[in-house]
Amino acid sequence: MLNPIDSDAVIRDGRISGAFPDEIHEGVAWWVAACFVVISQARQLAVAHDEHPATAEFHQRFCRGAINAEHWGCQVSSLGTADEAQLLYAMKELGGVPGALLTTTDSGDRQTITIRLYDADGRPVTEETGLARVRRMIASDRVPIPVNDQAKGNVTERRDLVEAL
């Protein structure tokens, strides 16, 4: 695995979170998304992020990881900048799909990137409902890869779902 992370330290307490670039890097977003799609068997996913510049690249990598997860052909609805309430609304409007919210917090010279995952009912994904499996897959270098180009999903910009609120 290129650029390994301490998965026990980063994937914990109901979220994926770490100092950037020391504990977490953009590739982690890809890994998490691909694992989440496989674990949740998601054919569709809603993804949003905050306005922080550091979050934008994590958001793009997350979307790419989701569409490249094995044979799932996951269709990602990229909401752009949105808060948790807007993400949950969009997930429901899309028919009850899983989702992810990516945020960055500044604390002095430290930036902490956080990825929160939600199941199709809008509940945060916990240790018991998937985070433990995501952590194990990443720690054991079992991140899903695409089978072929025909199995790939697509990313569609869906800012209209956020603007509707």
Side-chain angles (χ1 to χ4, degrees), residues 10-20 24-107 111-135 137-138 143-144 146 151-165:
V10 172
I11 305 170
R12 68 189 190 300
D13 303 328
R15 66 186 180 275
I16 298 88
S17 186
F20 174 67
I24 196 170
H25 54 80
E26 295 94 336
V28 174
W30 175 297
W31 302 343
V32 168
C35 293
F36 183 50
V37 166
V38 170
I39 288 167
S40 64
Q41 300 180 357
R43 297 278 180 199
Q44 190 173 6
L45 193 67
V47 183
H49 63 88
D50 65 9
E51 296 180 272
H52 199 287
T55 314
E57 181 63 26
F58 279 83
H59 177 259
Q60 289 178 358
R61 295 278 185 103
F62 190 95
C63 291
R64 285 187 287 198
I67 68 170
N68 280 292
E70 290 182 345
H71 62 278
W72 290 99
C74 185
Q75 302 302 308
V76 174
S77 294
S78 175
L79 307 176
T81 302
D83 61 23
E84 182 182 45
Q86 292 168 315
L87 170 65
L88 295 174
Y89 171 81
M91 290 165 52
K92 186 175 179 180
E93 284 296 302
L94 290 166
V97 302
L101 179 62
L102 291 80
T103 59
T104 301
T105 307
D106 284 314
S107 177
Q111 292 181 331
T112 301
I113 308 292
T114 301
I115 303 171
R116 295 189 190 279
L117 304 174
Y118 300 86
D119 68 17
D121 294 321
R123 293 184 303 256
V125 175
T126 64
E127 285 292 307
E128 297 77 24
T129 61
L131 277 185
R133 285 186 62 200
V134 168
R135 183 175 41 257
M137 289 172 79
I138 291 172
V143 175
K152 237 173 138 170
N154 293 299
V155 177
T156 304
E157 297 296 325
R158 290 300 311 266
R159 288 183 173 86
D160 59 299
L161 293 169
V162 175
E163 294 164 358
L165 285 180

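The residues of the chain are indexed from 1 along the displayed sequence.
Between T112 and I24, every side-chain heavy-atom pair lies at or beyond the 4.5 Å cut-off. Within the 4.5 Å cutoff, no side-chain heavy atoms of R116 are placed close to those of P124. The closest side-chain heavy-atom distance from S77 to Q44 is below 4.5 Å. Residues I138 and V143 are in side-chain contact: their nearest non-hydrogen atoms beyond the backbone lie under 4.5 Å apart.
With rounding to the nearest 0.5 Å, the separation of OG1 in T103 from CZ in R15 is 9.5 Å. To the nearest 0.5 angstrom, H59 atom NE2 is 8.5 Å from T81 atom OG1. Rounding to the nearest 0.5 angstrom, the gap separating the CG atom in L161 from the OG atom in S78 is 11.0 Å. Considering CG of D50 and OG1 of T55, their distance stands at 3.5 Å, rounded to 0.5 Å. Note that the OG1 atom of T156 and the CG atom of L94 stand 10.0 Å from one another [nearest 0.5 Å].
For the pair I115 and L117, the tightest heavy-atom approach, listed with the atom from each and the gap, is CG2-CD2, 4.0 Å. Between A46 and M91, the shortest heavy-atom contact is CB-CG, 3.8 Å. Nearest heavy atoms, E127 versus I11: OE2-O, 4.3 Å. Closest of all the heavy-atom pairs between V155 and C63 is CG2-CB, 3.8 Å.
In this view, D121 and R123 satisfy the salt bridge (charged side-chain N to carboxylate O under 4.0 Å, His left out) rule, not counting sequence neighbours. Judged as a side-chain hydrogen bond (donor to acceptor under 3.5 Å, both in side chains), and not counting sequence neighbours, H49 has no contacts. With sequence neighbours left out, H52 forms a side-chain hydrogen bond (donor to acceptor under 3.5 Å, both in side chains) with D106. For the ring pair (Phe, Tyr, Trp, His ring centres under 6.0 Å) test, residues two or more places apart in sequence or in another chain that qualify with F58 are F20. Scored by the salt bridge (charged side-chain N to carboxylate O under 4.0 Å, His left out) test, E157 finds R159 as partners (sequence neighbours excluded). With sequence neighbours excluded, the residues that form a side chain to side chain contact (heavy atoms under 4.5 Å, CB included) with K152 are I67, N68, D149. With sequence neighbours excluded, the residues satisfying side chain to side chain contact (heavy atoms under 4.5 Å, CB included) with A82 are A48, Q86, V162. A search for side-chain hydrogen bond (donor to acceptor under 3.5 Å, both in side chains) contacts involving E51 returns nothing, not counting sequence neighbours. Contacts of A66 classified as side chain to side chain contact (heavy atoms under 4.5 Å, CB included), with partners at least two apart in sequence or in another chain: A33, V37, L45, V76. Judged as a salt bridge (charged side-chain N to carboxylate O under 4.0 Å, His left out), and not counting sequence neighbours, the contacts of R158 are D160. When the side-chain hydrogen bond (donor to acceptor under 3.5 Å, both in side chains) test is applied to S17, the partners found at least two apart in sequence or on another chain are T114.
Taking the six-membered ring for Trp, H25 and W30 have ring centres at least 6.0 Å apart.
Applying the salt bridge (charged side-chain N to carboxylate O under 4.0 Å, His left out) rule to pairs touching residues 62-72 yields E57-R64, sequence neighbours excluded.
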